[in-house]
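Note that this is a predicted model, so its numbers are computed, not measured. Just the heavy atoms: all of them, side chains too, but no hydrogens, waters or symmetry mates, feed the values below.
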Amino acid sequence: MSRTEQLTRTKGAEGRRRGRWLALSVLVLAVLLVAVDATVLGLATPALSEDLKPSGTQLLWIGDIYSFVIAGLLVSMGSLGDRMGRKKLLLVGATAFGAVSVLNAYATSPEMMIIARALLGVAGATLMPSTLALIRNIFHDPKERSLAIGIWGATASAGAAVGPVVGGALLQHFWWGSVFLINLPVMVVLVIVGIKLLPESKNPVAGPWDLFSVGLSLVGIIGVVYAVKQVATHGMGWEVWAAAVIGAGALYTFVRRQFTLPAPLLDMRLFKHRGFSGAVLADLLTVFGLSGLVFFLSQFLQLVQGRDPLEAGLAELPAAVGAVVTGLVAGRYARKYGVRVIVTAGLAAIGIALAALTVIHKETGYPLLGAALLIVGLGAGFSFTVTADVILSSVPKEQAGSASAVSETAYELGAALGIALLGSVVTGVYQGFTAPASVTGPVADAAHESLGGAVEAARSLDPQTAQQMVGAAQEAFVDGLRLASGVGAAVLLATAVAAWFLLKGQELQDGIEH
C-alpha cells in the first residue's frame with residue numbers, strides 16, 4: 001500500500017471517528033430538552049395559574065400529562081423507529097417538538113394548555129428511544145458506546161436538575177411562556193445538523209406496526225402511572241382503583257398479545273434473560289430513589305427552610321454533578337470491576353444516602369443535604385449508565401429502538417413510583433398533624449391536604465395561630481420525610497442485594513461489532 005493510500009485511509013477513519021462524536025452532540029441536544037421540559041414547568045406554575053386560571057384538577061393535568069403521554073408511548077415509538085428509521089423519526093419528532101412548544105408558550109386557556117402539553121409528550125416520546133437506539137448503531141466499539149451512553153445519561157440527569165434553575169432564571173426576566181420558547185433554537189440546530197450528520201438505521205425485517213398493541217401499551221402504562229401518582233395525593237379512591245385495574249388489564253393483554261405476534265412491538269422473551277431483567281429492575285429503582293429524594297427535598301428546602309425556588313434549584317445541583325461525573329466513567333469501571341459490582345455499589349450508595357436523611361430535622365444544615373444529594377447522584381450515575389448499556393447491548397442492533405424504549409419506560413415508571421410511593425408515606429404521616437383548636441372547617445381541611453396548602457391557609461389566620469399551625473405542619477412533613485427516607489433506603493439496599501445475584505456473570509462487550 002502506498003503512503004498516499006495510507007494517509008487517505010487514516011484521514012477517512014479520523015473523519016468517521018469525529019463524525020460519530022459530532023452526531024452524539026446532536027443526540028444529546030434532544031435528550032437535554034426533553035429532560036429540561038419535564039421539570040422546567042414547576043417554577044412557572046404560579047405565573048401560569050394567575051394567567052390561565054385553571055382549576056385544581058386542570059392544574060394537575062397540566063403538570064402530569066406530559067410525563068403520562070411520554071411513558072405511555074415510549075415502547076410504541078421505539079418500535080416505530082425500528083420500522084420507519086430512527087433518524088427519520090427523530091427529525092420528525094424534533095420538528096414537532098419545536099412547533100408544539102410555540103403552542104404551549106401561547107396557550108390561552110387551561111384546556112388548550114393540557115392539549116398542548118399532551119402533544120409535547122407525543123413528540124418527546126419519539127426523541128428519547130430514537131437517541132439511544134442511534135447510539136447503539138453509530139458506535140460499534142463497545143467501549144466507545146459505553147462512554148457515549150454515559151454522556152447521554154449524564155445529559156438526561158443534568159437536564160432534569162437544571163430545569164428548575166433555567167426556569168427560575170427565565171421567570172425573573174420574562175413571562176411563563178419563555179420556558180417553552182427556549183426549545184426552538186435548539187431544535188432548529190438539531191434538525192439542520194442532524195440531517196447532515198446522523199446515519200439512518202432501522203430493522204429491515206421488523207414487520208407491520210400493530211396499532212392494537214400501541215393502544216394497549218398507551219392505556220396500560222398511563223393507567224398504572226396515573227393510579228400510582230393519584231395514590232400519593234388523594235389516596236385510594238374508586239377512580240384510582242378503576243385506573244389501576246384498567247391499566248393492569250391492558251398491560252396483561254399487551255404482554256399476551258406480544259407472544260402471539262410474528263413481529264411483536266416488544267419482544268417479551270428478552271425478559272427471560274436474567275441479566276436483562278436485572279438491569280431493567282435496577283434501572284427502575286435507581287430512578288425511584290433519585291426522583292423521590294429530589295422531589296421531596298424540593299418541598300423541604302422551600303416550604304420548611306424558606307428558600308426561594310431558584311435557590312432550591314441550585315441547592316439540588318450536587319445530584320446532577322454526581323450523576324455526570326460517574327456517568328462518564330461508569331463503563332470503564334464496569335469493565336474493570338464487573339457490571340454487578342458497579343451497579344450494586346451504585347444502588348447501595350443511593351440507599352445509604354437515603355438512610356442518612358432519616359436524621360433530618362427543620363434546622364438541618366446544607367452540608368448534610370448537599371452530601372446526600374451528591375452521593376445519590378454518584379450512585380445513580382453508576383447504576384443508570386451501566387444498566388442502560390446492558391439493556392441496549394443485550395439485543396441485536398436491529399431491535400435497538402425497542403430495547404431503548406424498555407430502558408426509558410423503566411426510567412419514567414421509576415420516577416412516578418418514587419414520587420407516588422414515597423409520597424404516600426409522607427402524606428400519611430403529614431395528614432395526622434394536629435392543628436390549633438381554633439382552626440376548623442375548610443381552613444383545617446386545606447391545611448391537612450399538603451404542606452403547601454397549610455402555608456396558603458395560614459394567610460387567613462392571625463399571626464400567632466398561623467405560626468403555630470405552619471410549625472406543626474412542617475414538623476409533621478419532616479417526620480414523614482424521615483420515614484419515607486427509611487423506606488426508600490430499605491428498598492434500595494434490598495435491590496442492591498438482588499442486583500448482586502441477578503447480574504452475576506453479566507459483562508459489557510469488548511469486541512468491535514461488524
Side-chain angles (χ1 to χ4, degrees), residues 16-25 27-28 31-32 35 128-129 131-159 273 275-287 290 319-350 375-397 400 403-404 406-408 410-411 496 499-500 502-514:
R16 287 191 297 273
R17 184 180 178 86
R18 281 197 303 271
R20 288 199 295 275
W21 296 106
L22 286 172
L24 178 65
S25 68
L27 297 178
V28 298
V31 174
L32 182 66
M128 294 298 278
T131 56
L132 198 52
L134 282 166
I135 288 173
R136 173 75 170 86
N137 283 268
I138 292 172
F139 292 91
H140 300 292
D141 182 337
K143 292 182 179 179
E144 285 190 346
R145 185 167 64 236
S146 292
L147 178 58
I149 291 172
I151 294 170
W152 176 89
T155 304
S157 300
H273 185 266
F276 184 88
S277 297
V280 172
L281 176 67
D283 194 349
L284 187 152
L285 289 170
T286 294
V287 182
L290 176 65
V321 172
V324 169
V325 170
T326 51
L328 296 178
V329 298
R332 186 193 317 163
Y333 282 102
R335 285 182 171 81
K336 184 175 181 179
Y337 299 107
V339 166
R340 73 171 181 170
V341 170
I342 298 303
V343 173
T344 299
L347 290 165
I350 300 172
I375 292 170
V376 165
L378 292 171
F382 273 132
S383 181
F384 180 66
T385 304
V386 175
T387 53
D389 202 340
V390 169
I391 292 168
L392 204 57
S393 302
S394 297
V395 302
K397 60 183 180 180
S404 304
V406 170
S407 178
E408 289 300 313
Y411 182 100
W500 179 261
L502 289 172
L503 296 175
K504 182 181 179 180
Q506 186 71 46
E507 301 292 341
L508 296 183
Q509 297 175 355
D510 282 317
I512 297 177
E513 299 173 337
H514 299 284

Identify the two heavy atoms, one from [X] and one from [Y], that lie closest to each other, and give their separation to 0.1 Å.
X    : Y    : value
G278 : L503 : C-CD2, 4.1 Å
A380 : T286 : CA-CG2, 3.7 Å
G379 : A349 : CA-CB, 4.1 Å
S383 : A282 : OG-O, 4.1 Å
S146 : G331 : CB-CA, 3.9 Å

Could you tell me the separation between the [atom1] atom of [X] and the [atom2] atom of [Y], rounded to the nearest 0.5 Å?
X    : Y    : atom1 : atom2 : answer
T385 : F382 : OG1   : CZ    : 9.0 Å
F276 : L281 : CZ    : CG    : 12.5 Å
I375 : T326 : CD1   : OG1   : 12.0 Å
L347 : F384 : CG    : CZ    : 12.5 Å
W21  : I151 : CH2   : CD1   : 5.0 Å
I391 : S277 : CD1   : OG    : 9.5 Å

Main-chain N/O of K504 paired to R340 side chain as donor or acceptor, under 3.5 Å: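 Looks like no, no N/O pair under 3.5 Å.
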For A345, all residues meeting side chain to side chain contact (heavy atoms under 4.5 Å, CB included), sequence neighbours excluded: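 Side chain to side chain contact (heavy atoms under 4.5 Å, CB included) check on A345 returns nothing, list empty.
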Any I149 side-chain heavy atom under 4.5 Å of I135 side chain: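 Sidechains of I135 and I149: in contact.
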I138 side chain reached by L27 side chain, heavy atoms, under 4.5 Å: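 A side-chain contact under 4.5 Å exists here.
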Residues in side-chain hydrogen bond (donor to acceptor under 3.5 Å, both in side chains) contact with D283, at least two apart in sequence or another chain: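 S407.
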